[in-house]
Every structure is written in C-alpha cells, then in structure tokens.
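All values derive from a computational prediction rather than experimental measurement. Heads up: numbering here begins at 1 and tracks the sequence.
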Amino acid sequence: MKLGAFTFVLHSHLPYVLAHGRWPHGTEWLSEAAAESYLPLIRGIESILDQGLRLGITLGITPILAEQLASESFLDELDAWLEAKVEAARHDAEVFSWEGHHHRARVARHWESVFSERLRDFRDRYGRDLIGALRRLQDVGAIEIITSAATHGYLPLLGTDESVRAQIRIGVETYRRHFGRTPRGIWLPECAYRPRYDWAPPVAGPRLPAPGLRRGIEEFLAAEGLEYFFIDTHLLRGGEAMGTYAQRHPALRRLAERYARKYGEKFRPEDASRSPNEAYRVHSPVGLPRPVHVYAREPSASLQVWSGEWGYPGDGWYLEFHKRHHPGGHRYWRVTGRGTGLGEKAEYVPERAAERVEENAMHFHALVRQRLAEYRDAFGATGIVVAPFDTELFGHWWYEGIDWIVRVIEKMARDDEIELTTGGGYLDHHEVEEEIALPEGSWGEGGYHYIWLNHETEWTWPEIYRAELTLRDLVDRWIDREHEIIHKLLRLAARELLLLQSSDWQFLISTQSAKDYAELRFDRHLNVFDRAVALIAKQERGEDLTPGDWRFVGESEARDGMIFPDLDLGLWRSGSAAARLAAD
C-alpha cells in the first residue's frame, strides 16, 4: 500500500491593473509576478518533464489574470521590463566593480544572467505567449489548471445570487476561451465559502438587498459542472483558524485581534474525526445535480512556507525581499536573521542559498511522508496532503521558492510510496463517499470575513450592493428590448461592477499595503458605473448623448474593455440564478 498522495495547489492572481498605473502600484505588480514567478515556474515544470518524472501541481489562474497575461499591451510591457532588468544588472556590475565591491558585482552578473535567460524564454521559447505555454503543459498532462471567480469577487458577501452566478459563470467561460476545455476545479476567492441560509446584508445603507434565502456556493459550482474547491482546515474540523497573510501584513494581525476583542473568538470545537488528509463531498440541503468535492489544506505543510517565524523563507541565507538597490531594484542582501534590521543585512550568496533549498526540500518531503504515515496508521487508509499557496509567494516574495518547488516534486516523483496527483486526478482514482456540511468562513485571519468587512472597508459594501441592484433592475427593463446604445452602456456598467466587486480592494485597504491605490480604484470603477447608469437614464428620456458622453464611453472601454469581451447581460437578470439552477 502506498503512503498516500500529494499535490501542490498554486493560486495565481493579481487584480486588473492594465491602464491603471504603473509604479509603485499598477503594471509593475504584474511584470514582477510574471518575470519572477510565472516564467520560472513554467520553466521549472518543463525541467521536471525533461527528466521523465511525474508532477503533482494543481495550478489556479484567475480569469482576470488570464485576461491580462493574454493582453498584447501587457506583453509589450513585460518585454520592456525584462530588458530594463538586464540593463540595470549590467550597470550595477560595472559600478560595483569600479567601487571595489567585487562580491556584489558577481551577484549583479548573476542577476544579468537570470533575467537574460528569462527574456530569452519569454521571447523565443514561449513566443511571448504565457497562456499558451500553460495550456500546453496542461494538454500534455503535466499540470491541471483550475479557474476562479471572474474578478476574484468575495462571494459570501456579494449581495445577490445573480452576482455570485455571474462571477462563477464568467470564470468558467473565460477559462474555456483561454485553455480550450472546461475546468474541473475552482479556487474560491480567499477560500471563502457560504452555505445556503437566510442571509441579511451585514451593513447599513440607503439601498440594500432584501434579507432572504440565499443559495450555497456549492449549488452554483454544481450548476457549472465544477467538481471541487479548497477550504481552510478550520472550516472542515473546527478549531482556531490558521490565517494566511498576517505574517506578511502586521495590519491584519492587529485587525484580527481587534475583532476578537470586540466579538470574541467563535471557534467550533475541533472534530478530530475529520481529517484534512481526505477529500469530502459537500452536503447541500436541496441536493445537487452532481457531486461537488472539497479539499482542506494540510496545516503542517502550509506552515512550513507561510510562517514568518519558522517557515523556510525566513532562512538567513535566502534573498531579502525588502531591501533593494536603486536604481534598477535588484537585491543584493540576504535575510541574515529574524529581526535583523535592513541596515544590518549581510550580502547574498547564491550558492549558500541553493544549499538551503536542497535541505528544505528534503525536510518537506520527509514531513509529507510523516503526515501520510500518521494518517494511514490512524485510519487504515491512504490519504492526501494538499499544500495550497499563492503562486506569487514563490520566486517573487521568496526568490528561491520556485527552485524549492522543483526540488520537492523531484523527490516526491522518485518516491514510489507517494502518488503525485492533482485535484481532479485524485477524484479519478479514489472513491469519495463521506459527505459533510460546511460552515461559513474563509482562510483569512480570524477564519471569517474580517479582512474584507471591517471598520476600514465597511463603506465599500453599501456601494457594491447599490450597484448590484441597479444593474439588475436595468437588465430586467432592457434585456428583451432592442436598443444598441443602452445595451452597450449596460455591458460597460456590468464590466465595472465586476471590477468593483474584486476582493483585492478591501484586502489592500485592510493590509495598508496599497490603501490609497485601492480606494482610488474602487471609487473610479464606481464612478464609471454611475455615469454609465446616468447615460442610460438619458437615453430613456429620449436625449442624445453628447460628444463628451461618447468620449467618456470610448475612454472607459479603452481602459477596461479588453477583459470579458462577450458579457452575457442575462446573467444579471432578476431570478436568472434561481431559474438556471433549477433547470440544471
């Protein structure tokens, strides 16, 4: 009997930033993620394939990220960004050599080599087509790509079932357009889940959805043919939530502590009979047309990477993320030690970091074996270790992280007792019989919605709810009537509503990492939505649009119109979610 199965689950996501700034907030984020995480990950996966080894990677690509990675304007941006990194490293090497900093000059030449290779890969190996490279890896069975909600909307707090349905349906349709098949799995934004129950808006406001019965998230997934999703461990078996981001964002730790003091910790008693090393069917009180399964993250495996206290990325020999040399932005220092100030960081030694990668990979492989053995001994069956992470943690935040993933997969692949798999692959070869009901929650600090609904972000939700209800009313009024201009304006409003619903704005506000930018983006999308609605009212009164009105429409479409080009307005029709779910 094998020990069990293993899969990495890598969630790749960035909000829509094209035409919305460059630096410090904007397309710089996307270029960094593509150059430092996505490109080396693709190359690393290919290196494993070249050895004839098995892989076990479930890779999430959010729809809004896929749209941006496929954009010609971004591909030009990335090309120029990589060129600039090569030139900056070359310049650094010359300056450091002239100043007598010979070790630092050697590291600069290392960066010149690294980014030159990535530029060649981008242009020549992948033909400037990252989505195509990922699609080919899935087509040969190396990875399984899963989808997410359209703009990473925080599904449990959206005000209408039509909005939830639209986020998920557009996520599925966008995946089909880019990857040529139907997705089997989905990453729920922030691993946030809500069951069916009598819901009421959690905020006050002038126009809110009426309290009433809301469908469980699993019902929407089943209707779209999605087979599985992922949750945090505490939603499965109770106990204290691990949290995910507090190690990198101290503001979140303070926020969770504030809400714990205000509301108390409402943890369910831990149920040891439920194990994160199993897959489960999700119970729905109305029954589902097809099973929907859920995986929980393995805490011990996750903490080895997420924890800033004793996780791998905190090793003193690894590259320090926060200290950069300007101009150019290359990094020449190492972590050195926990608590070491930026001014006291020692110089980076790539060879020593590589040694630590190998040691950490060996340790993780042993940890997975130990966890699977413990499960087998306790339950008399083989289980699965699911290790979910944000893709951008590897290569970008933790520079050596992509090499670590490759080393871990290589060791797992050579271990005959471990089955490397994916979310869908595991379901193909293992019967899943136990059915469980899940509570509401997320993988954020506190295990609930606090990161996305708190004293800093509460003001955003009444505006989202007002926009949701306004769009639904307008679609009801015009969906069955021919009016080219109004339908054009409705699609503009629908696209802005999707962008308004992105969970990233509340996250960036709560973490204080880009608060001003997030508030500006939220206000901008809301203002475009409101003006589109005003222009619809103008048309309804029989008034023509002015040249200024048309200029606004053209500018808005130029800025945001490259995403989701074929929006189905019927998704926002009143009762559409209920009717389609019933039909399915």
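Under 4.0 Å is where a charged nitrogen must lie from a carboxylate oxygen, and between R495 and D560 no such pair does. With respect to the salt-bridge test (charged N to carboxylate O, under 4.0 angstrom), the residues R184 and D428 qualify. Ion pairing between E227 and R290 fails under the 4.0 Å rule for side-chain N and carboxylate O. Ion pairing between R371 and E298 holds under the 4.0 Å rule for side-chain N and carboxylate O. Comment: R22 engages E77 in a salt bridge, judged by a side-chain N to carboxylate O separation of less than 4.0 angstrom. Taking 4.0 Å as the cut-off between side-chain N and carboxylate O, E434 and R281 do not count as a salt-bridged pair. R176 has no carboxylate O lying under 4.0 Å from a charged side-chain N of E173, or vice versa, which leaves the two without a salt bridge. A salt bridge links R123 and E83; the closest N-O separation between the charged side-chain nitrogens and carboxylate oxygens is under 4.0 Å. Between K411 and E358 there is a salt bridge, since a side-chain N of the basic residue sits under 4.0 Å from a carboxylate O of the acidic one. In this structure, R128 pairs ionically with E72, as a charged nitrogen and a carboxylate oxygen lie closer than 4.0 Å. Residues R177 and E67 are paired through a salt bridge, judged by an N-O separation under 4.0 Å between the basic side chain and the carboxylate.
In summary, the aromatic rings of F394 and F389 are positioned with their centroids under 6.0 Å apart. Between F229 and W187, the distance from one ring center to the other does not fall under 6.0 angstrom. Between W398 and F321, a ring centre-to-centre spacing not shorter than 6.0 Å is recorded. A centroid separation of less than 6.0 Å is found between the aromatic rings of Y312 and H363. Taking the ring centroids of Y517 and H25, they lie under the 6.0 Å cut-off.
Results of the side-chain contact (heavy atoms from CB on, under 4.5 Å) test with V294 over L438, L221, L188 single out L438 as the only residue that passes.
Other residues, nucleotides and ligands place no more than 12 heavy atoms under 6.0 Å from the CG atom of D416.
A cation-pi arrangement, defined by a distance under 6.0 Å to the six-membered ring centre and an angle within 45 degrees of its axis, is absent between R181 and F179.
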